[in-house]
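To keep things clear, I will list the structure first and then write my remarks on it.
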Amino acid sequence: MRFETKAIHAGRQVDPVTGAVTTPIHLSTTYERSADGSYTDGFMYSRGDNPNRRSLEECLTALEQGHDCVTFSSGMAAISAIMEVLPEDKPRRIILPDDMYFGVLTLLEETDLGKSFDITAVDMKNLDQLSQAVESKATGIVWIETPSNPQIKVTDIAEVVKIAEKAGAVTVVDNTTATPVLQNPLLLGADFSLHSVTKYIGGHSDLLLGAVVAKEDSPMLNRLRTWQHAKGAVPSSFDCWLALRGVQSLSARMSVHCSNAKVIAEFLSQHEKVEAVHYPGLPSHPGHSIAAEQMRDFGGLMSFQVKGNDSDALQIANTVKIFTQATSLGGTHSYIEHRASVEQELTKAPANLLRLSIGLENVKDLIEDLNQALSEI
Ligand code: PLP
């Protein structure tokens, strides 16, 4: 089956009891035990497993072409889980990209889990710098986020995996911004592909969910499964159902996100009030050729720097009428956000940078909206 077909059929079947084509939402927390003590349908208690979660995990495994998937109550719960289950024989050192989702930095800087790790940030574009960092000290995890959020940097997954593998480190790719439609990290050698399903996979800004898809069976995967039900940061059946509904249109939505984003990136790159546009679909982007090779299209996320300071950038975010000034990405609505003021002291985002999550509106309306806001500064 090809991607679009798997997105609709993998993990799902017509309900054998009612004939319902859409998977029912199973709200029961507990399942009947047979006289011989077994659970005939394989479900015992919904924190351990339930039909909606199982369907979603099977579907995401198929879309990432992995071995298995473990879901969590949010992207951040998935991220903390994968860090926590690093086997004891691996050094607790993590190498991070110098631009990445800010919540991971907060986790690492402000929680006991984070404090148990030795952290080094590198420019992943610079493979020599990465090799030196990996060779200078034993490393447990090499973390990749590509395209990164919010500066939209591109990392060569296959090359980074080679360096990490030589050092015996596990590679985790946060594939949230690319989605499995555009990029399959496991096929490029990564050990785990991670998603904030909250974003493009859910697709409608109405659920919180995280997922880790593993390339192969491993003690780390088994620990992840145990962590899921033992620690209990599991997604609700309803959120799994919403994610399964969303994923059916993922491929169709991504093609509009990508085509709208391309037109907007071109418009912004020619605008006199814009200093720089960060979008891997532009040939001028430093990661363009790598993105063209490892991705099927360039995504719906971009950022741009205005000619001006933080108050000019904030004024644009306050003046747009169709874009919503809001955090998050990957929904049907277009969002604009001044990351530096959201991230505050820990931010690495330039003060004049605005991040855009391009939605599914008519692109002409989006351009007119940005144009009128830019003309005000
Ligand atoms: N990874 C990326 C790239 C993100 O942008 C986010 C959230 O913005 C997360 C992970 C965390 O996901 P969640 O908000 O579902 O916890």
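Remember, it's 1-based here, ligands and their atoms both numbered in the order they're listed.
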Any salt bridge between [X] and [Y], counting N to O under 4.0 Å?
X      : Y      : answer
Lys162 : Glu159 : yes
Glu266 : Lys262 : yes
Lys348 : Glu343 : no

Considering distance alone, does some N or O of Gly75 sit under 3.5 Å from an N or O of ligand 1?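 Yes, there is a polar N/O contact under 3.5 Å.
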Polar contact flag for Leu329 and ligand 1 (N/O pairs, less than 3.5 Å):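 In this structure, Leu329 places no N or O atom under 3.5 Å from an N or O of ligand 1.
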Which of the atoms of ligand 1 are close to [X], meaning less than 4.0 Å from one of its heavy atoms?
X      : answer
Asp174 : 1 (N), 2 (C), 3 (C), 10 (C)
Ser74  : 15 (O), 16 (O)
Asn149 : 5 (O)

Who's the nearest protein heavy-atom neighbour of [atom], and how far?
atom                    : value
atom 15 (O) of ligand 1 : Thr198 OG1, 2.6 Å
atom 4 (C) of ligand 1  : Tyr101 CG, 3.5 Å
atom 16 (O) of ligand 1 : Met76 N, 2.8 Å
atom 12 (O) of ligand 1 : Ser196 OG, 3.0 Å

Can you tell me which portion of Met100 lies within the under-4.0 Å heavy-atom range of ligand 1? Options are side chain, backbone, both, or neither.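 Neither; no heavy atom under 4.0 Å.
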My understanding is that we take every heavy atom of each candidate and find the minimum distance to atom 7 (C) of ligand 1. Doing that for Lys199, Glu145, His195, which one comes out nearest?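 Among Lys199, Glu145, His195, the closest heavy atom to atom 7 (C) of ligand 1 belongs to Lys199.
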Pick out which of [options] makes a side chain to side chain contact (heavy atoms under 4.5 Å, CB included) with [X].
X      : options                        : answer
Glu337 : Leu353, Thr324, Thr327, Leu356 : Thr327
Ile163 : Val142, Asp128, Leu127, Thr171 : Leu127
Thr139 : Lys90, Arg93, Arg92            : Arg93

Show, in sequence, the C-alpha distance, side-chain angles and deciding distance for His271 and Leu370, and conclude whether the side-chain contact (heavy atoms from CB on, under 4.5 Å) test is met. CA-CA 10 Å; His271 201 285; Leu370 288 170; over 6 Å; no
Leu207 and Val234: same hydrophobic cluster, using ILVMFWY side-chain contacts below 4.5 Å?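 Different clusters: Leu207 never reaches Val234 through Ile, Leu, Val, Met, Phe, Trp or Tyr contacts under 4.5 Å.
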